[in-house]
Amino acid sequence: PVQIKTGDPLFLFVKAGMTVIVQHLPAVGQQPIESKWWMANVIHVDGGARDPRIPTMFQVADVDDGTIRWVNADLVTHIVPND
């Protein structure tokens, strides 16, 4: 299991090989849609320009259809535990 410190953003603990839940943010002025989420396997973690150790983007593969996408790190809402 990943040990997460209180107050730290979840995306700081994501590593390649993990399975995560991605939830899209609503458009400005719109209500959040709780069902607009999907599960993905993290392929690559890309660091920021100011500090490459801090992840800003993840390359992921959708577990349903295998589509490869880049997502902003802050869209990751959960890390799925591996058994």
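This is a predicted model, so every value here is computed, not measured. The figures here come from the full heavy-atom set of this structure, side chains too, leaving out hydrogens, waters and symmetry mates.
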Q) Should W38 and T67 be marked as a side-chain contact (heavy atoms from CB on, under 4.5 Å) after you check the CA-CA gap, both sets of side-chain angles, and the distance that decides it? A) CA-CA 12 Å; W38 48 284; T67 304; over 6 Å; no
Q.
Apply side-chain contact (heavy atoms from CB on, under 4.5 Å) to residues Q23 and L75 and explain how you reach the verdict.
A. CA-CA 6 Å; Q23 185 167 10; L75 296 180; over 6 Å; no
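For R50, there are no salt bridge (Lys or Arg N to Asp or Glu O under 4.0 Å) partners, not counting sequence neighbours. For the side-chain contact (heavy atoms from CB on, under 4.5 Å) test, residues two or more places apart in sequence or in another chain that qualify with H44 are D46, Q59, W70. Residues satisfying the salt bridge (Lys or Arg N to Asp or Glu O under 4.0 Å) criterion with D64, sequence neighbours excluded, are absent altogether. Legend: residues meeting side-chain contact (heavy atoms from CB on, under 4.5 Å) with V45, ordered by chain and number and at least two apart, are V42, P55, F58. In terms of the side-chain contact (heavy atoms from CB on, under 4.5 Å) criterion, residue partners of A61 (sequence neighbours excluded) are, by chain and number, I43, I68.
For the side chain to side chain contact (heavy atoms under 4.5 Å, CB included) test with L10, the passing option among V76, T77, V20 is V76; the others fail.
Linking Ile, Leu, Val, Met, Phe, Trp and Tyr residues whenever their side-chain heavy atoms come within less than 4.5 Å leaves V22 and M57 in two separate clusters.
Side chains of N41 and V63 form a contact here, defined as non-hydrogen atoms less than 4.5 Å apart. F13 has its side chain within reach of D8: a pair of non-hydrogen atoms, C-beta onward, lies under 4.5 Å apart.
Sequence neighbours left out, the pairs with a member in residues 65-76 that pass salt bridge (charged side-chain N to carboxylate O under 4.0 Å, His left out) are D62-R69.
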